[in-house]
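Okay, structure first, notes after.
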There are 4 protein chains.
Amino acid sequence: MGWHESLREQRKEAILEAAAEVFAQKGYHRATIKEIAARVGIAPGTIYLYFESKRALLLSIADRLITQRVSEVLEQASSLDAQGYIAAVLQERLDFFRRNQPFLQALATEVWTDESLRRRFFTQVLAPVFASGARYLEKKVAEGVLRPCRVEIVAPAVAGSIILISLLRIFVPEYTLADVPEDELIEELTRLYLDGLSARGEGE
Amino acid sequence: MGWHESLREQRKEAILEAAAEVFAQKGYHRATIKEIAARVGIAPGTIYLYFESKRALLLSIADRLITQRVSEVLEQASSLDAQGYIAAVLQERLDFFRRNQPFLQALATEVWTDESLRRRFFTQVLAPVFASGARYLEKKVAEGVLRPCRVEIVAPAVAGSIILISLLRIFVPEYTLADVPEDELIEELTRLYLDGLSARGEGE
Amino acid sequence: MGWHESLREQRKEAILEAAAEVFAQKGYHRATIKEIAARVGIAPGTIYLYFESKRALLLSIADRLITQRVSEVLEQASSLDAQGYIAAVLQERLDFFRRNQPFLQALATEVWTDESLRRRFFTQVLAPVFASGARYLEKKVAEGVLRPCRVEIVAPAVAGSIILISLLRIFVPEYTLADVPEDELIEELTRLYLDGLSARGEGE
Amino acid sequence: MGWHESLREQRKEAILEAAAEVFAQKGYHRATIKEIAARVGIAPGTIYLYFESKRALLLSIADRLITQRVSEVLEQASSLDAQGYIAAVLQERLDFFRRNQPFLQALATEVWTDESLRRRFFTQVLAPVFASGARYLEKKVAEGVLRPCRVEIVAPAVAGSIILISLLRIFVPEYTLADVPEDELIEELTRLYLDGLSARGEGE
DNA sequence: GATGAATGAGTGTTCATTCAT
DNA sequence: CATGAATGAACACTCATTCAT
């Protein structure tokens with residue numbers, strides 16, 4: 001059983017990966033089953049032995065992202081100090097974006113129009129990250145390391161920075177941001193979120 | 001003449017608005033000329049008296065956004081102090097997002113796959129905002145109001161916060177963020193970017 | 001009356017001429033009422049004040065050709081001797097083709113598919129010419145100038161030569177034929193039809 | 001492989017034949033893919049598995065005609081004496097027209113408006129025949145069998161006769177020509193081209 | 001299981017024709 | 001009379017999906 005299962009799983013995987021690539025390149029609608037099949041090296045009909053429909057491919061891709069237990073990494077980082085935490089999260093998210101670029105891009109085209117996909121994406125991918133971040137913030141505030149703040153605002157604010165910067169690095173290579181080494185990026189952002197921009201503390 | 005022109009412009013406008021709505025709801029591909037026409041209350045063929053093609057509709061929507069001279073607002077705000085500037089920009093962008101929601105959403109489905117659209121969107125919509133923000137930062141740093149920082153990182157970081165928060169407020173009404181009054185939002189973000197999160201300055 | 005009539009006729013004429021040109025250039029189907037109207041300098045709707053439909057334009061063009069009482073010329077030439085007659089007919093037909101090129105070409109695209117048009121074209125344009133030619137041949141045979149022959153075969157044979165040569169001169173400028181002076185052409189054909197190709201009589 | 005190939009070829013053939021018929025009956029533009037498909041007994045979409053586009057069907061039909069190596073027949077006939085040659089060519093062309101009627105008629109509607117098709121038709125179908133005829137004439141002139149003549153005029157003259165007569169026989173059944181037995185036709189034309197029409201030689 | 005040929009529903013676009021001005 | 005904006009029927013073409021082999 002495990003043998004058959006494994007073969008089947010492997011092929012499903014291959015199909016999903018090819019689908020993600022094609023979806024990412026052409027968008028969901030312009031992508032064709034034929035091309036996905038060709039990229040895996042199988043016949044178009046074969047895909048239907050593994051997936052119900054073209055749409056099911058997309059939803060499976062969404063699940064793939066969701067399954068990547070993002071929060072685990074976050075929880076592990078929660079034992080670090082503020083500086084370390086922010087650096088770890090940044091690092092992890094940048095990696096995540098790079099690793100899953102085709103999957104994320106594949107979803108991006110459809111997430112805006114499919115209500116269920118949108119909800120799914122939010123509740124499964126974004127919300128947990130916010131929640132984890134919020135929990136961390138609250139803990140640190142309680143410890144007196146960070147000042148009190150409205151975590152439901154600050155968490156998505158930080159997330160937004162990371163996301164946009166990641167997108168810019170991936171999609172707009174001509175913007176300066178693409179050339180900045182990753183550690184410099186992390187350092188600058190860490191400082192921004194910990195110390196803000198005021199000149200206040202500088203002179204001391 | 002002015003009369004005809006005006007009628008023509010009005011109808012173009014109506015078509016564009018309907019197109020944006022349908023694109024936003026269904027995504028560019030699932031949207032049909034027939035439905036757009038029906039929403040305006042005209043025949044499908046009539047649309048082609050005003051726009052070359054379905055794609056031209058999308059590009060016009062993009063132009064509509066681009067033409068909205070974002071930077072003017074930013075420039076006017078550049079005379080304010082740091083707190084006022086951040087608040088003004090935040091306010092303006094939140095308004096912009098709300099005002100242009102269907103247009104933005106219409107673009108969102110295609111901007112990921114159409115190279116030319118992507119470049120256009122970046123160079124015309126995002127880059128100017130970054131540049132304006134960067135200029136402001138540099139000025140304030142020179143004045144000694146803000147500490148030195150890498151503006152090419154900080155500008156998109158702030159932009160990302162604003163964008164994600166705007167998206168959440170618009171698309172995910174079930175998230176807490178939707179209920180926060182706008183001025184509280186602005187206050188919290190202003191504080192975040194000016195002072196950071198460290199408890200350092202708090203107790204003193 | 002004559003005044004109104006004349007204006008109306010003039011405009012009909014202009015429309016017909018424009019239609020013939022566009023039909024000739026693009027073929028009946030690719031031709032558009034809009035372009036025909038533009039070429040006359042009127043609005044598309046106006047054409048319908050003069051002609052029932054697009055098809056009516058085509059039929060009117062056919063009538064135009066038919067009205068050109070071809071046979072009159074032929075009858076006048078029938079008093080000439082054989083050499084003069086053939087030369088006159090050749091000359092006249094070459095002129096006719098050149099003069100009516102757009103009209104003929106306009107019809108050419110449709111004459112193959114429209115049964116009524118085909119019949120009309122044959123009975124009104126070709127058959128009379130054949131008949132006239134046949135009558136002439138019979139007269140000359142009776143006079144002993146020409147040898148007996150099956151006129152219903154010879155007439156279209158000569159006509160076919162003239163038509164193909166005319167088409168080649170008009171449509172295939174790269175063929176040698178386009179450069180041959182008209183009188184040389186007429187001379188060669190006259191000789192061909194009168195004397196044939198045999199060397200028989202040459203040496204004597 | 002040969003098996004699949006053959007099936008595929010057969011179906012391509014069937015589609016082409018159906019297309020030629022419909023094009024011939026309705027003309028290229030009025031013909032619909034749907035009707036062509038129906039005539040073959042397949043779904044419209046299936047046609048696109050065999051041909052790129054509707055236009056490609058037309059071009060394939062043109063190729064079909066072109067591939068019919070006309071000149072081979074002509075070359076074989078070139079060993080015959082003048083009378084035999086003319087008879088052979090006439091016979092062959094009449095057959096060719098009858099055999100390919102739908103294909104020829106299919107092209108006829110478009111050959112007048114499509115520059116590339118026109119050129120193709122002339123250079124591939126007509127020109128070689130003229131050239132072959134011209135070569136034959138020159139040979140016979142050199143042998144002293146035929147009198148010197150301008151072959152570039154005589155060749156299309158003869159071709160024109162054959163073409164028009166063929167068209168009349170096919171398209172205008174009510175004309176006398178349709179009833180004339182083929183051998184009488186050939187005899188009359190042979191005599192026309194060899195001896196001409198002058199009574200000159202008759203009395204001797 | 002795998003194939004890939006066949007399907008046919010669905011859509012952007014054109015353009016002859018109409019009719020309110 | 002003339003206009004030209006509006007109409008909407010018609011058609012080529014695509015591609016997810018099926019199913020006989």
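Labels below follow one simple rule: chain letters A, B, ... track the order of the sequence lines, proteins then strands, and each chain is numbered from 1.
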(message) Looking at every non-hydrogen atom in both residues, tell me the closest pair between Ala62(A) and Leu117(A) and how far apart they are.
(response)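 Shortest heavy-atom separation between Ala62(A) and Leu117(A) comes out as CB-CD1, 4.0 Å.
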(message) Please give me the minimum heavy-atom distance between Arg8(B) and Leu49(B), naming the atom from each residue.
(response)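 Residues Arg8(B) and Leu49(B), closest heavy atoms: NH2-O, 3.0 Å.
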(message) Need to verify one output field. Residue with the more 5' nearest nucleotide on DNA chain E, Arg55(C) or Thr32(B)?
(response)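 The 5'-side residue here is Thr32(B).
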Verify, without hydrogens or angle tests, whether [X] (side chain) and [Y] (backbone) share a donor-acceptor contact under 3.5 angstrom.
{"X": "Lys54(A)", "Y": "Ala31(A)", "result": "yes"}
{"X": "Tyr50(D)", "Y": "Glu13(D)", "result": "no"}
{"X": "Lys12(C)", "Y": "Phe51(C)", "result": "no"}

Output the rounded distance in Å from [atom1] ([X]) to [atom2] ([N]).
{"X": "Glu35(C)", "N": "dC15(E)", "atom1": "CD", "atom2": "P", "answer": "10 Å"}
{"X": "Leu57(C)", "N": "dT17(E)", "atom1": "CG", "atom2": "C1'", "answer": "13 Å"}
{"X": "Lys34(C)", "N": "dT18(E)", "atom1": "NZ", "atom2": "P", "answer": "18 Å"}

(message) Tell me which residues in residues 40-53 of chain A lie within less than 4.0 Å of DNA chain F, going by non-hydrogen atoms.
(response)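 Output list: Gly45(A), Tyr48(A), Ser53(A).
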(message) Give the residues of residues 10-31 of chain B touching DNA chain F, defined as any heavy atom closer than 4.0 Å, sorted by residue number.
(response)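 Close to the strand are Arg11(B).
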In a table with atom names and distances, give each donor-acceptor pair under 3.5 Å that connects a side chain of residues 101-109 of chain D to protein atoms at least two apart or in another chain.
{"unit_1": "Gln101(D)", "atom_1": "NE2", "unit_2": "Gln105(D)", "atom_2": "OE1", "d": "3.1"}
{"unit_1": "Gln105(D)", "atom_1": "NE2", "unit_2": "Trp112(C)", "atom_2": "O", "d": "3.0"}
{"unit_1": "Gln105(D)", "atom_1": "NE2", "unit_2": "Ala24(D)", "atom_2": "O", "d": "3.3"}
{"unit_1": "Thr109(D)", "atom_1": "OG1", "unit_2": "Ala106(D)", "atom_2": "O", "d": "3.2"}

(request) State, yes or no, whether a side-chain contact exists between Ile36(C) and Phe23(C) at a heavy-atom distance under 4.5 Å. (result)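 Result yes, sub-4.5 Å side-chain heavy-atom pair found.
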(message) Less than 4.5 Å apart, side chain to side chain, heavy atoms only: is that true for Arg120(B) and Leu59(B)?
(response)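 With C-beta onward as the side chain, the pair touches.
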(message) Taking the minimum atom-to-atom distance to the side chain of Ile33(C), which one of dA12(F), dT17(F), dT17(E) wins?
(response)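 Within the option list, the nearest is dT17(E).
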(message) Using Watson-Crick or G-U wobble geometry with both distances under 3.5 Å, which nucleotide pairs with dT21(E)?
(response)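 Pairing partner: dA2(F).
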(message) So, OP1 or OP2 of dG12(E): does either fall under 4.0 Å of a side-chain N or O from Lys54(B)?
(response)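 Yes, such a contact exists.
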(request) Check whether any side-chain nitrogen or oxygen of Arg8(A) sits under 4.0 Å from OP1 or OP2 of dG1(E), and answer yes or no. (result)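 Answer is yes, contact under 4.0 Å.
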(message) Given Glu110(B), which partner from the list Arg30(B), Arg55(B), Arg118(B) fulfils the salt bridge (Lys or Arg N to Asp or Glu O under 4.0 Å) test?
(response)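 That would be Arg55(B); it is the only one of Arg30(B), Arg55(B), Arg118(B) passing the salt bridge (Lys or Arg N to Asp or Glu O under 4.0 Å) with Glu110(B).
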